[in-house]
Peer 1: 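Next up is a structure, given as structure tokens.
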Amino acid sequence: MRLSTLFGHTLRQVPSKAQTTSHQLLLRAGIIRPPAAGIYTYLALGRRVLRKIEEIARQEMEAIGGQELLMPLTLTAEEIVADLCRKEIESYRQLPTLIYQIHTKFRDEYRSRVGLMEAREFIAKEALSFHLDSKGLNDFYPRIYQAYVNIFHSCRLETVAVETEVGHEFIIPCEAGKHTFMLCSECDYAAHAEEAEFAKTEVPQEVERAVEKVATPDCKTIAALADYVGVPTKRTLKAVFYATEGGEVVFVVIRGDFKISETKLKNALGSADLRAATEEEIFAAGAVPGYASPVAVGGVKLVADNSVLLGSNFVAGANEDGYHLMNVNYPRDFRADILADIAQAQAGYACPRCRSQLTETPGIEVGYLKCGERAAGALYLDQDGKAKPIVIGSYGIDLARLIAAVVEQHQDQRGIIWPASIAPYQIHLVVLGADEGAMAKAEEVYANLNALAYEVLYDDRDESAGVKFNDADLIGVPLRLTLSHRTLKENAIEIKLRWKEGYETIALDVLPRELERLLALRWRKHPDLQAVPPGELMSLFTNSQQGTTTCTICPNML
RNA sequence: CGGGGCGUAGCGCAGUCAGGUCAGCGCGCUUGGCUUGGGUCCAAGAGGUCGGCGGUUCGAGUCCGCCCGCCCCGACCA
């Protein structure tokens, strides 16, 4: 492709509406354009990237037996899936089976914020697997999990697998992310912040002493109370009131040094609807805000965090304005209707698995795996002729978001650094100077590279060296070749990798051999890289090792 | 869908408070010339019903009203 005729051009200035780095670069490099808010045209370069990603997704789905369909509306809409199951799956002989499709989806109700990261229209790779029973789904699950891992690895996207109640989410940590995640600094534990578990610190158990009422004026907060009484906050009990939609008051008790995770609380209660109780409701329940006590409280549902077990002789409210109780112990002095983990994890807390420190990061989901999707009336006949429900798993990746995520992880100040697997072109050929010798040689090289079936973006424009190099860096094709009168004097060509400083000059007659060597080393075919654990891929990109033949530029990213 | 902000040339912006030499700047684009290894320089040029409708006024980009669109923060999602 000649850059002089490429449809879509680069932008020097950053569009004012683009906030995130990936959005800015995708616009500036001429990958996408917004015809309207939140929807995007893929320009010539962008379409090529998308096509490559789609192909990677297809390969991985086909590798585990997936069959591609194309359905109207959305695949996950229950009616469509249920209808499909009813009509196509009748017998146990047809199970298990895996279908998938790649299509655009609309999410009109949401505002687009960060370009392709969250567009109103996006490109979904969705898959469904159908099984005889839960065991069948569980047996299959590792295969789809691995396929997803492979897809992300192929795109050079470093993801974190977050466990959910029904499967996994693959996320990337990034500033533009809308959700907060807790990650272990040592092991691979990862979870949504609201759902994350952690190892709660213990307080040395003491001999239980008799309850004692003490005056604590103006101690309506845990901090004030702990300060006044002279104990650490972890020796206090915090009382918080919630109300369900029906107006039922829920009394929640947790050790004073922890916060409540409303998500965990909802899960413990089995109720999705929960709000803070009003003062009137608290009084009506017979409690005193600021001095509420779990001791001898009646008529309300009492939920306690299991941290009440980790300590003794707590300071708790006396249910009387201006007074607290010392030496409150569980279960001697109060009993909870529900005793569960409802504490909110925070950065610095201990990992539930390895006790290392948890860190907190914003992130965005790029893919999900869910077990136990429902489809009304989707039944099959088993060997005995009995109708049984089909067990379904559903899986998805937003390929548009995937592109944005890759750019977030692969860029520098000059522009995008495409991983070779999804780069719009393999080679960016630059010719400098308008003298006929250089142009003629460049045309010849371009023709030869095309004949060798390389994907070449050829900058044949009459532009200065600075413009050409800057555009090349912005567009981010991994391999750049430069021809000029300078190199031609030695019958040579310069070769540069986008993610490395510096370049090398090689003789023109060894160019085909060098390209063959470099481009054959795509990571999936490269034995040295197959054994690399996923988490270490990123460091490989940045700490490239040197090659061994005449061209010493590292091929790791190709 | 709530709260805040912004709509002036393809892009980025100034001008609006204090109505009248106010249709401007930079980039990009076109033409010619000089350059030719990191967004060169010079010259000439094209391009805008100042988001829309209505109002106030001798006069509106500027003031008022309504509408539309967009951006940010929430809510919600993938």
Side-chain angles (χ1 to χ4, degrees), chain A residues 8-20 23-24 27-30 33-39 74-77 103-127 148 159 162 164 167-172 176-179 192 272 275 363-370 394-405 413-415 430-439 442 459 461-475 480-489 492-494 496 501-503 505:
Chain A
H9 60 274
T10 57
L11 306 175
R12 291 196 182 186
Q13 274 166 311
V14 180
S16 64
K17 284 159 190 167
Q19 300 295 312
T20 58
H23 193 199
Q24 291 174 352
L27 290 169
R28 287 189 57 214
R33 287 287 183 269
I39 59 176
T74 67
L75 178 65
T76 47
H103 69 154
T104 56
K105 287 182 85 171
F106 296 92
R107 184 174 42 232
D108 229 3
E109 64 270 37
Y110 302 107
R111 182 170 78 74
S112 162
R113 260 182 257 237
V114 279
L116 287 188
M117 277 276 190
E118 196 158 86
R120 287 216 318 253
E121 183 190 62
F122 59 104
I123 296 160
K125 197 292 300 176
E126 296 174 304
Y148 269 45
T159 62
V162 174
T164 66
H168 288 86
E169 286 178 7
F170 292 92
I171 67 144
I172 62 156
K178 291 293 180 292
H179 294 260
H192 278 271
R275 58 173 171 82
I364 196 158
E365 178 190 319
V366 291
Y368 67 89
L369 306 172
K370 282 183 194 166
S394 76
Y395 322 98
I397 296 177
D398 175 354
L399 300 184
R401 179 179 285 179
L402 185 60
I403 291 177
Q413 286 194 321
R414 295 184 172 281
V430 172
V431 56
L432 299 181
D435 68 277
E436 284 177 18
M439 285 299 288
D459 195 344
R461 299 174 302 172
D462 180 19
E463 290 285 359
S464 71
V467 171
K468 291 190 173 189
F469 286 147
N470 277 297
D471 274 345
D473 289 342
L474 181 56
I475 293 170
R480 190 182 84 192
L481 300 176
T482 306
L483 272 172
S484 70
H485 69 281
R486 192 197 281 180
T487 66
L488 285 178
K489 276 192 296 196
I493 192 166
E494 283 161 14
K496 179 186 184 304
E501 287 300 318
Y503 57 86
T505 306

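It should be emphasised that the depicted structure is a prediction, and the values quoted were computed from it without experimental measurement. Here is how names work: the chains are called A, B, and so on, in the same order as the sequence lines, proteins then strands, and each is numbered from 1.
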Peer 1: Apply side-chain contact (heavy atoms from CB on, under 4.5 Å) to A/Arg480 and A/Phe469, showing your working.
Peer 2: CA-CA 9 Å; A/Arg480 190 182 84 192; A/Phe469 286 147; 3.4 Å; yes

Peer 1: Roughly how many Å is it from NZ in A/Lys489 to P in B/U36, rounded to a whole number?
Peer 2: 14 Å

Peer 1: With distance as the sole criterion, do the side chain of A/His179 and the base of B/C76 form a donor-acceptor contact below 3.5 Å?
Peer 2: no

Peer 1: Rounding to an integer number of angstrom, what distance separates B/C42 and B/G28 when you compare their P atoms?
Peer 2: 12 Å

Peer 1: Please name the nucleotide paired to B/A43 by Watson-Crick or G-U wobble geometry with both distances under 3.5 Å, or report none.
Peer 2: B/U31

Peer 1: Please state whether the rings of A/His192 and A/His179 are parallel, tilted or perpendicular, taking 30° and 60° as the class boundaries.
Peer 2: perpendicular

Peer 1: Would you indicate what A/Val366 reaches in the nucleic acid, counting non-hydrogen atoms under 4.0 angstrom: base, sugar-phosphate, or nothing?
Peer 2: nothing

Peer 1: Polar atoms only, N or O, under 3.5 Å: list the protein pairs with nucleotides 27-35 of chain B and their distances.
Peer 2:
unit_1	atom_1	unit_2	atom_2	d
B/G28	OP1	A/Arg12	NH1	3.0

Peer 1: Mind calculating the distance between NZ (A/Lys17) and P (B/G7) to the nearest angstrom?
Peer 2: 11 Å

Peer 1: Are side-chain heavy atoms of A/Thr482 and A/Tyr503 found at a separation under 4.5 Å?
Peer 2: no

Peer 1: Rounded to the nearest Å, what distance is computed from the CZ atom of residue A/Arg33 to the P atom of nucleotide B/C70?
Peer 2: 19 Å

Peer 1: With both distances kept under 3.5 Å, what pairs with B/C63, Watson-Crick or G-U wobble?
Peer 2: B/G55

Peer 1: Can you tell me, in whole Å, how much space there is between the P of B/A75 and that of B/C67?
Peer 2: 27 Å

Peer 1: When the P atoms of B/U62 and B/A44 are considered, how many whole Å apart are they?
Peer 2: 33 Å

Peer 1: With distance as the sole criterion, do the side chain of A/Arg28 and the base of B/G12 form a donor-acceptor contact below 3.5 Å?
Peer 2: no

Peer 1: Without swapping roles, check the side chain of A/Thr10 against the backbone of A/Gly30 for a donor-acceptor pair under 3.5 Å.
Peer 2: no

Peer 1: With rounding to the closest Å, how many angstrom separate the C1' atoms on B/G32 and B/A14?
Peer 2: 31 Å

Peer 1: Write down the distance separating the C1' atoms in B/G65 and B/U56, rounded off to the nearest Å.
Peer 2: 11 Å

Peer 1: Using atom CZ of A/Arg401 as one end and atom P of B/C77 as the other, report the distance to the nearest whole Å.
Peer 2: 13 Å

Peer 1: May I ask you to say what A/Arg414 touches in the nucleic acid, namely base, sugar-phosphate or nothing, with a heavy-atom cut-off under 4.0 Å?
Peer 2: base

Peer 1: Are A/Asp462 and A/Met439 packed together at the side-chain level, in the sense that at least one heavy-atom pair is separated by less than 4.5 angstrom?
Peer 2: no

Peer 1: Which nucleotide, B/G12, B/G38, B/C72, lies nearest any side-chain atom of A/Gln19?
Peer 2: B/C72

Peer 1: Of the options A/Arg12, A/Arg461, A/Arg28, which is the one that meets A/Asp471 in a salt bridge (charged side-chain N to carboxylate O under 4.0 Å, His left out)?
Peer 2: A/Arg461

Peer 1: Please report, rounded to the nearest Å, how far the P atom of B/U36 is from the CZ atom of A/Arg486.
Peer 2: 13 Å

Peer 1: Closest nucleotide of RNA chain B for A/Thr482 versus for A/Phe122: which of these residues is on the 5' side?
Peer 2: A/Thr482

Peer 1: I'd like to know if the side chain of A/Arg401 reaches the main chain of A/Met117, judged simply by a donor and an acceptor atom lying under 3.5 Å from each other, with no hydrogens or angles considered.
Peer 2: yes

Peer 1: Of the listed nucleotides (B/C13, B/G38, B/G39), which one gets closest to any side-chain atom of A/Ser16?
Peer 2: B/C13

Peer 1: Nearest to the side chain of A/Val467 - B/G37, B/C70, B/U40?
Peer 2: B/U40

Peer 1: Does A/Leu11 reach a base, just sugar-phosphate, or nothing at all? Heavy atoms under 4.0 Å.
Peer 2: nothing

Peer 1: Would you say A/Val14 and A/His23 make side-chain contact, with heavy atoms under 4.5 Å?
Peer 2: no

Peer 1: Send over the distance from A/Lys468 NZ to B/U40 P, rounded to a whole Å.
Peer 2: 13 Å

Peer 1: With rounding to the closest Å, how many angstrom separate the P atoms on B/C13 and B/G51?
Peer 2: 15 Å

Peer 1: What contact category does A/Arg461 fall into here, base, sugar-phosphate, or nothing, at under 4.0 angstrom with non-hydrogen atoms?
Peer 2: nothing

Peer 1: In sequence, state the C-alpha distance, the side-chain angles, and the governing distance for A/Ile39 and A/Phe106, and then conclude on side-chain contact (heavy atoms from CB on, under 4.5 Å).
Peer 2: CA-CA 9 Å; A/Ile39 59 176; A/Phe106 296 92; 5.6 Å; no

Peer 1: Which value, in whole Å, describes the distance between the P atoms of nucleotides B/G12 and B/G55?
Peer 2: 33 Å

Peer 1: What nucleic acid atoms does A/Glu169 come within less than 4.0 Å of, heavy atoms only: base, sugar-phosphate, or nothing?
Peer 2: nothing

Peer 1: Please name the nucleotide paired to B/A75 by Watson-Crick or G-U wobble geometry with both distances under 3.5 Å, or report none.
Peer 2: none

Peer 1: Can you check the distance between B/C27 and B/G69, where both ends of the measurement are the P atom (answer in whole Å)?
Peer 2: 35 Å

Peer 1: When both hydrogen-bonding distances must be under 3.5 Å and the geometry is Watson-Crick or G-U wobble, what is B/C6 paired with, if anything?
Peer 2: B/G69

Peer 1: To the nearest Å, how far apart are A/Leu488 CG and B/U36 P?
Peer 2: 17 Å

Peer 1: Is the shortest side-chain heavy-atom distance between A/Lys125 and A/Leu402 below 4.5 Å?
Peer 2: no

Peer 1: Rounding to a whole Å, what distance do you find between A/His192:NE2 and B/C77:P?
Peer 2: 11 Å

